[in-house]
Amino acid sequence: MTDTTCGIRIRPGSLADAPAILDMLDSAVVWMNDRGNTEQWGTTPYSQKPGGVARVEHYTTENAPYIAELDGTPVGALVLDSGPSPQMPIAQAVEPERYVRLLVTDRRYAGLGIGAALLAHAAEETRRVGVELLRVDCWAGGGGELVSFYERNGFTCTERFLSGAWPGQVLARRVG
């Protein structure tokens, strides 16, 4: 468990956290849509997308999930894996890596550094297992705000890609 300076506690996640993660994903879709962003995650709540619930359950049982809590309330989630999603047109790294497969925060707690704390935890976990490369991919559309967020958190842009018409950006961070 990691305690951050903002009182955010990060703990390992489990299948029991899937409903909270789905709630965060559903509310993120609403939040984005309310701001005119319907391209990043579409307009359908994540829990209603084909395979959405199963994907989150898989994340919490087959990958390395972490939950950020504030006063015992889940306010963010991070899922680490050993590489990118096989459904994405992203090349495997030529060295061992950890890959951020999911990062989501509860928008009601925006501005508290939850996403940054989870990414710092991802870097710590990557380093702890003796791996030097941490990568993530994200939506590269709109004004590039999400790419900028990752850059502010120590990542550097590597390759761009298209998944259908969805523009993506892979970013990497050396943690060794």
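Residue numbers run from 1 in the order of the sequence given.
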| request: Examine distances only and state if a side-chain atom of Asp17 and a backbone atom of Ser14 form a donor-acceptor pair shorter than 3.5 Å. | output: yes
| query | Going by heavy atoms in the side chains, are Val147 and Leu171 under 4.5 Å from each other? | reply | yes
| field | Exercise: identify the closest heavy-atom pair between Pro96 and Val131 | value | O-CG1, 3.4 Å
| Going only through I, L, V, M, F, W and Y residues with side-chain contacts under 4.5 Å, is there a path from Phe149 to Val175? | yes
| task | Any chance you could measure Ser27, atom OG, to Leu25, atom CG, to the nearest 0.5 Å? | result | 8.0 Å
Name each donor-acceptor pair under 3.5 Å that joins a side chain in residues 62-89 to protein atoms two or more places apart or in another chain, with its distance.
unit_1 : atom_1 : unit_2 : atom_2 : d
Asn63  : ND2    : Asp81  : OD1    : 3.3
Asn63  : ND2    : Asp81  : OD2    : 3.1
Tyr66  : OH     : Glu125 : OE1    : 3.1
Glu69  : OE1    : Arg9   : NH1    : 2.4
Glu69  : OE2    : Arg11  : NE     : 2.7
Glu69  : OE2    : Arg11  : NH2    : 3.2
Asp81  : OD2    : Arg101 : NH1    : 2.3
Ser85  : OG     : Gln87  : N      : 3.1
Ser85  : OG     : Gln87  : OE1    : 2.8

| Common cluster, Leu102/Met32, ILVMFWY with side-chain heavy-atom separation under 4.5 Å | yes
| message | Could you report the tightest heavy-atom contact between Ala18 and Glu57, atom names first, then the distance? | response | CB-CG, 4.3 Å
| task | Rounded to the nearest 0.5 Å, what's the gap from CD1 on Ile90 to CZ on Arg160? Could you check? | result | 12.5 Å
| message | Using 0.5 Å steps for rounding, measure from the CE atom of Met24 to the CG atom of Asp106. | response | 6.5 Å
| Closest heavy-atom contact between Trp166 and Glu39? | CD1-O, 3.6 Å
| field | Neighbour count above 12 (heavy atom, 6.0 Å) for Arg127 CZ | value | yes
| message | Can you classify the ring geometry of Trp41 versus Tyr46 as parallel (below 30°), tilted (30 to 60°) or perpendicular (above 60°)? | response | tilted
| query | Among the clusters formed by ILVMFWY side chains lying less than 4.5 Å apart, do Ile114 and Tyr59 turn up in the same one? | reply | no
| Hphob cluster co-occupancy, Leu103 + Leu133, side-chain heavy atoms under 4.5 angstrom | no
| field | Trace of the side chain to side chain contact (heavy atoms under 4.5 Å, CB included) decision for Asn37 with Trp31 | value | CA-CA 9 Å; Asn37 177 351; Trp31 181 82; over 6 Å; no
| task | Answer yes or no: is there a side-chain heavy-atom contact under 4.5 Å between Tyr150 and Val136? | result | yes
| request: Give a yes or no answer on whether the side chain of Thr158 reaches the backbone of Val170 with a donor-acceptor pair at less than 3.5 Å. | output: yes
| From CZ (Arg173) to CD (Glu97), nearest 0.5 Å | 15.0 Å
| Donor-acceptor pair between Thr43 and Asn33 side chains, under 3.5 angstrom | no
| task | Measure the CG-OG distance between Leu22 and Ser47 for me, rounded to the nearest 0.5 Å. | result | 6.0 Å
| query | Distance from Asp137 atom CG to Tyr99 atom OH, nearest 0.5 Å? | reply | 3.5 Å
| said: Evaluate Arg135 against Glu95 for salt bridge (charged side-chain N to carboxylate O under 4.0 Å, His left out), listing each step before the verdict. | reply: CA-CA 12 Å; Arg135 290 197 307 162; Glu95 66 183 280; over 6 Å; no
| said: Would you say Ile8 ends up clustered with Leu119 if hydrophobic residues are merged whenever their side chains have heavy atoms under 4.5 Å apart, either directly or through other cluster members? | reply: yes
| Do any N or O atoms from the side chain of Gln169 and from the backbone of Glu159 form a donor-acceptor pair under 3.5 angstrom? | yes
